[in-house]
Amino acid sequence: MTTSRVLSIVLRENDRPPLRPLPVEAAQLLHDVDAPPRLVAHLRAVHDVAGQLLEWIAARKPDLGIDPQAVLFGAATHDIGKTLHPAELSVPGAQHEEAGRELLLARGVDPARARFAGTHAAWTAEGAGMEDLLVSLADKIWKNKRIPELEDLVVARLASAGGRPVWEEFLDLDGVLTRIGDQADERLAFQMSYPAAGNGRRPPGLPVDH
């Protein structure tokens, strides 16, 4: 039996850019819903950026009260609704947001984790927490898109938690976002190497399981 196209993308060893594998639960969900290859590649790229942001925060040790595993799961599944609205893989649209949340709930995902599918584009909504902001930020910075309003919200949370001046937090965040953004072209190339629909292709160098 061959490795599924979804698991092939998840398992592929990547050096340029280096991308960590998706959480097992998220990978299984994407496999079960037969997610398009390009979507899986996109989710892996955003998930890796979320991981980099979490590592940066952990090294600074601010008490943000966040669940890193929830953020990683949210980043790995935030666009899963595009399996139901595949046109939104190529053109802007918001139908996938609530559809994704409902899809995850229907598959038994805890509401606290399913919510990211619906909140990743709503960072100004009342009740958006730091976990939601980090998933939203990862979903922009993976392709080096800077959203000042979103970044200001993250800076405010960091300053409040760490007791540092806002301007210091701004400079530090800008530095890490610039560093992560420098690899955007490689992440985009990784995503675009996969088709938006169809059976996909096996990444070079990945062995076939028998």
Side-chain angles (χ1 to χ4, degrees), residues 17-23 25-27 29-30 39-82 94 96-98 100-101 104 109-164 166 168-184 187-188 191:
L19 298 172
R20 67 200 75 203
L22 296 182
E25 181 186 4
L29 282 165
L30 293 169
L39 172 59
V40 180
H42 167 69
L43 293 172
R44 188 171 178 190
V46 175
H47 167 263
D48 185 77
V49 170
Q52 292 186 58
L53 292 172
L54 288 167
E55 289 171 352
W56 175 74
I57 289 172
R60 295 157 51 84
K61 296 182 171 57
D63 184 13
L64 293 170
I66 61 175
D67 178 355
Q69 297 308 312
V71 173
L72 290 172
F73 180 84
T77 59
H78 72 280
D79 271 349
I80 196 170
K82 290 185 179 181
H96 72 277
E97 294 163 14
E98 182 58 21
R101 189 185 72 85
L104 291 172
V109 176
D110 187 279
R113 293 194 172 198
R115 78 179 195 270
F116 296 103
T119 65
H120 64 274
W123 53 83
T124 60
E126 184 177 354
M130 188 62 174
E131 294 170 349
D132 304 275
L133 296 179
L134 288 174
V135 172
S136 298
L137 187 60
D139 191 33
K140 298 303 179 185
I141 294 303
W142 81 276
K143 60 182 177 181
N144 203 23
K145 184 174 184 178
R146 304 293 296 264
I147 306 293
E149 183 180 31
L150 171 57
E151 294 174 24
D152 286 346
L153 290 170
V154 174
V155 165
R157 301 294 178 96
L158 291 170
S160 177
R164 301 175 67 212
V166 169
E168 288 186 5
E169 295 291 358
F170 171 82
L171 290 176
D172 285 354
L173 181 65
D174 181 69
V176 73
L177 296 185
T178 298
R179 175 177 60 79
I180 294 173
D182 284 343
Q183 288 189 315
R187 287 188 293 266
L188 281 163
Q191 174 181 298

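For the numbers below, each heavy atom of this structure counts, side chains included, while hydrogens, waters and symmetry mates do not.
- Contact check for R179 versus Q52: side-chain heavy atoms found under the 4.5 Å cut-off.
- The existence of a salt bridge linking R60 and E169 is confirmed by a sub-4.0 Å separation between a basic side-chain nitrogen and an acidic carboxylate oxygen.
- Remark: the backbone N or O of L19 is paired with a side-chain donor or acceptor of R44 at under 3.5 angstrom.
- Between H47 and H42, a ring centre-to-centre spacing not shorter than 6.0 Å is recorded.
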Q.
Would L53 and L137 count as a side-chain contact (heavy atoms from CB on, under 4.5 Å) here? Give the steps.
A. CA-CA 9 Å; L53 292 172; L137 187 60; 4.0 Å; yes

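- Listed here is the closest heavy atom pair of L104 and A117: CD1-CB, 4.1 Å.
- Taken from CG in L39 to NZ in K82, the straight-line distance is 7.0 Å, to the nearest 0.5 Å.
- Looking at I141 and E151, their side chains come closer than 4.5 Å, going by heavy atoms from C-beta outward.
- When atom types are taken as modelled, the side chain of T178 and the backbone of D174 share a donor-acceptor pair closer than 3.5 angstrom.
- The two residues A26 and T77 make their nearest non-hydrogen contact at CB-CG2, 3.7 Å.
- The only option from H96, H78, K140 that meets the side chain to side chain donor-acceptor pair (under 3.5 Å) definition with H120 turns out to be H96.
- Residue V154 forms a side-chain contact (heavy atoms from CB on, under 4.5 Å) with just one option from I147, I57, L173, and that option is L173.
- Taking the side chain as every heavy atom from C-beta outward, Q191 and W142 approach each other to under 4.5 Å.
- Considering only heavy atoms from C-beta on, F116 comes within 4.5 Å of D132 through its side chain.
- Residues K143 and R187 form no side-chain contact, since every pair of their non-hydrogen atoms from C-beta on lies 4.5 Å or further apart.
- Using a 4.0 Å cut-off between a side-chain N of Lys or Arg and a carboxylate O of Asp or Glu, D110 and R113 do not qualify as a salt bridge.
- To the nearest 0.5 Å, atoms CG (D139) and NZ (K145) are separated by 9.5 Å.
- Of all heavy-atom pairs between V135 and V71, the closest is CG2-O, 3.7 Å.
- Side chains of L54 and I66 form a contact here, defined as non-hydrogen atoms less than 4.5 Å apart.
- For the residue pair V166 and A159, the shortest heavy atom distance occurs at CG2-CB, 3.9 Å.
- Smallest separation of non-hydrogen atoms from A75 and A50: CB-CB, 3.7 Å.
- Closest heavy-atom contact between G181 and N144: CA-OD1, 3.4 Å.
- Between atom CG of residue L133 and atom CG of residue L158 there is a gap of 9.5 Å, rounded to the nearest 0.5 Å.
- Two residues are said to be in side-chain contact when any heavy atoms from C-beta on lie closer than 4.5 Å; Q183 and P18 meet this criterion.
- Residues L150 and T124 have side chains not in contact (no heavy-atom distance under 4.5 Å, counting atoms from C-beta outward).
- Looking at D172 and R164, a side-chain N of the basic residue comes within less than 4.0 Å of a carboxylate O on the acidic one, giving a salt bridge.
- Looking at E131 and R115, a side-chain N of the basic residue comes within less than 4.0 Å of a carboxylate O on the acidic one, giving a salt bridge.
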